[in-house]
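A short worksheet on the structure shown next.
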Amino acid sequence: MIGLFFVIFNDVCSNHELDSQCEHMWRNKTILMKNTMRILSIGLVLVTTTFGSVMINVSARKTTNLNGKWHIIIDPYENGYYNYRYEPSTNGYFKNAQQQNRWDLLEYSFDTDEMLTVPGDWNSQQEKLLFYEGTIWYKKSFDYELPEKRRLFLYFGAVNYDAKVWLNGELLGGHEGGFTPFQFEITDRVWKKDNFIVVKADNKRFKDAVPTVNTDWYNYGGITRQVLLIETPESFVKDYFIQLKKNDRKIVAGWVKIDGNHLAQLIQIDITELGISERIMTDKAGFGRFEIIKEPVLWYPENPKLYDVKIVTGDEIICDKIGFRTIETSKNEILLNGKSIFLKGISIHEEAAYQDGGRAFSENHAKVLLGWAKDLSCNFVRLAHYTHNEAMMKTADEIGLLVWAEIPVYWTISWDNENTYQNAENQLTEMITRDKNRASVILWSMANETPLSDMRFTFLSRLAAKARQLDDTRLITAAMERHYINKTTQMIDDPFGKIVDVLGCNAYIGWYDGLPEKCRTMTWQTVYDKPVIISEFGGGALYGIHGDELTRWSEEYQANLYRENIAMFRKVDFIKGISPWILKDFKSPRRHLPQIQDFWNRKGLVTDKGDKKQAWFVLKEFYNKK
Ligand code: GCU
C-alpha cells in the first residue's frame, strides 16, 4: 500500500521537483499520509463492495471534461499497490526511502513518465501495449473553484475492467465492470488548486469476472470513455424515467428522483410540443410520479420523432430528447406501437472504424457505425456483447434504429459465485439506469451463448427479474443456442426460453456447421409460442479474396452463405428478426490465421476501413425487399 503512496504522493513531490522543498513539504504531509493510510486501508475493504448509483443524462449538466493527455505508469506487477508479499503494503520502496531518508530510492515519477489519451483504450494507442493485460496508473491534475451551495462529482463513462480511484491521496472507491458508468461525490474533497486524480485501471481477465477469461473480442483496457467533473445544485435531478405507460399509447407517464437535502419540492415537467407543463410534488424521499393523457407522435425507425423534454426544479433545468413508443409481443409477433414488425438487423461490436480503431466512445464513432447500419437498410442493431457507450444509444434514437442492448454474461461465467452474480446485476442496473429513456432500446439481453445448467438458469432468471423490476416497459431476451433433433431439424428449446419475452438464437450453418447448401434441407422448430431473433449467423471473408462459392474466406463464399441462410430463415414463420454476425471486421486474440485473420475476426460485411464485401449487398437487397 505504501507503494501506492509512492504513486500518489510522489506525484505531488514531482510536481515541485524532488528536492529539499519537497522533503520539507513531504514532512508536513507525513502526518496526513499516516491518517490517510488508515483511511486507504479501510477504503480498500470497501472498494470491493461499494457500487454507487449514477446520475443520468450527464451531457445535460454543468460539466468540465478531463479528457486529453493523462500521465501514466505501466505497472504489470502492481508495485504501486502491493508489496513483494503481494499484500497492500506498509513497506514497499517508499517506506524504505522515507525511513532511510533515501529519496534516491524513489522509483516512480508520474510527471516525467509517459502519457495516454483519455478517453481511449491503451492497446490501440501504443504498439507495446497491443496485448497488455494488467495495471496502468493514470494521473490528472486540475483546479476547481466550487461555489457555495454547489456539489461536485467525478464521473467515469467506463474503465475496463477494474478501477480504483483516488483524489488528492484519498481513496474515493472502485468499480468492477468495463462497460458502465460510475461516479464519486467530491464536494468536500476538492481543492481550489492542484487537485490530482490517480486511477488504477486493471484489465486482467479472471474466471469469476463478467465477462470471464474467455471471449471472442479484444480486451481493450483503460479509461475507455470520458471523465467528467459534474457540478450540480445542492438538490438536483439525479434520475428520471419518461415513457408511454406500458401498453397504453395515450398516456405519457414517468417519475423523477431528486437527490440532496431539499427532497420534497414542487417540480415541473415540460413537453411544450405536446402542450404538457405538469407540476408534481416530490415526496420526502425525493420521488415524484406523473401520468398525463396525451397522444404523442410515435417513434419509429423510419420516423424517429423525439420531443424536447424539460425537468424544471427551483435550482436547475434538465433537458432531454425523448421518443415515445411501445414495444410488446403477442404470441410469436413483435409489436412496435401495436403493429407487427420484422427486425432487419446487424450485430455490432464497439470498435471504432477507420484509422481510429480500438474502443469506440464518441458521437463520431457512433455516427459511422450506425450510419453504415442505416446504409444497409437496417431498422435494428444488436449492440454486442456488452453495454455500448451512451453516444450509440442517443444516435440510434436520432437516426432511427431499434436496439438490442446486452451485458457481458458471455459463455462460461461462474454461475455458482454470488460475487459474480452481484457484479452482473450491478452492470445490468447501471445499463438500464443510463439508457431507460432511449426509445431506440427495445430489448435487454441477459446473456450470450451460455451453456445449459440449473445454476445458469437460476443466475439468468434472477437477472431477468431484476431487469423487469427496473423497467417493465421493454422486452427481455438472450442469445441462446439450438440443437439438432434429427439430421435436418434444429430445435430451439432452451429452458431460459420460458423466462424471456423474445428468444435470441445463434446459428452458423454453412460456416462452423457444414457448407451453405446445408441450409436448403434444414427445418426449424421451437417449443415456445414466442418470437425468435436469429441473433447471429455468418461466415468469414477477407475483403478482396475471390474464388468460387466453395472457396473458404472468399467474398463469394460469404455472399453465398448469406443467400442460403436468408432463404432458409425466410421459410420459418416464428423468426421475426435477424442480426447477422457482424457489421465490421473486429479484432480478436482468438483469430490467428496468418494473411487471412491476423488477429481479426473476418465475419464483417465491411472492413475496418469501410470496404463493403459482396455479402453486404446480398443482405441489403433482402432488407430492401422485406
Ligand atoms: C459466437 C459468439 C461471438 C463470436 C462468433 C464467432 O456466436 O457469440 O461473440 O464472435 O460466434 O465465432 O465469430
Side-chain angles (χ1 to χ4, degrees), residues 160 178-179 205 209-220 345-351 359-360 369 381-388 404-413 424 443 445-452 456 460 477-484 490 492 494 496 500 502-516 519 532-543 552-553 557-558 561-562 565 569 575 577-593 596-608 613 615-616 619:
N160 189 45
F179 305 99
R205 290 165 294 118
V210 180
T212 183
V213 287
N214 189 22
T215 69
D216 188 25
W217 69 79
Y218 219 79
N219 180 26
Y220 290 113
I346 191 72
S347 292
I348 300 178
H349 258 305
E350 188 189 48
E351 192 176 77
R359 270 280 164 255
L369 294 172
V381 288
R382 178 189 176 196
L383 300 186
H385 285 293
Y386 36 74
T387 305
H388 286 215
W404 160 314
E406 188 160 300
I407 54 172
V409 174
Y410 181 93
W411 289 356
T412 52
I413 290 282
L443 289 152
S445 170
M446 303 297 107
N448 178 73
E449 287 190 359
T450 49
L452 304 194
R456 167 258 195 188
L460 296 186
T477 191
M480 308 176 209
E481 291 175 311
R482 34 81 202 187
H483 65 93
Y484 281 93
Q490 299 285 344
I492 301 172
D494 185 314
F496 191 49
V500 299
V502 175
L503 286 92
C505 177
N506 296 350
Y508 282 88
I509 297 161
W511 186 254
Y512 296 124
D513 179 354
L515 293 173
C519 294
V532 169
I533 294 171
I534 300 298
S535 37
E536 289 182 35
F537 74 85
L542 181 65
Y543 176 75
R552 207 158 172 90
W553 301 110
Y557 187 105
Q558 187 190 45
L561 180 145
Y562 268 70
N565 273 273
F569 293 133
I575 291 178
I578 61 172
S579 51
W581 193 258
I582 188 169
L583 176 67
K584 179 185 80 65
D585 289 349
F586 64 95
K587 288 180 74 70
S588 167
R590 297 166 59 91
R591 307 295 172 169
H592 294 265
L593 189 58
I596 296 283
Q597 294 178 313
D598 299 318
F599 295 115
W600 286 85
N601 184 313
R602 295 292 185 193
K603 295 189 183 69
L605 295 179
V606 294
T607 68
D608 60 309
K613 304 174 191 174
W616 162 286
L619 185 63

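Both counts, for ligands and for their atoms, begin at 1 and track the order of listing.
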Would the distance check show the side chain of Arg359 and the main-chain N or O of Glu350 forming a donor-acceptor pair, the cut-off being under 3.5 Å? yes
Could you check whether His388 and His349 have their ring centres less than 6.0 Å apart? no
Do Tyr484 and Asp513 have side-chain N/O donor and acceptor atoms under 3.5 Å apart? yes
Identify the residue among Asn601, Asp216, Thr215 that makes a side-chain hydrogen bond (donor to acceptor under 3.5 Å, both in side chains) with Ser588. Asp216
Please identify each residue that fulfils side-chain hydrogen bond (donor to acceptor under 3.5 Å, both in side chains) with Asn506, with sequence neighbours left out. Asn448, Glu449, Ser535, Glu536
Run through His483, Arg482, Glu481 and flag the one making a side-chain hydrogen bond (donor to acceptor under 3.5 Å, both in side chains) with Gln490. Arg482
Mind jotting down which protein residues get a heavy-atom contact under 4.0 Å with ligand 1? Chain and number order, please. Asp216, His385, Tyr410, Asn448, Glu449, Asn506, Tyr508, Tyr512, Glu536, Trp581, Phe586, Arg591, Asn601, Lys603
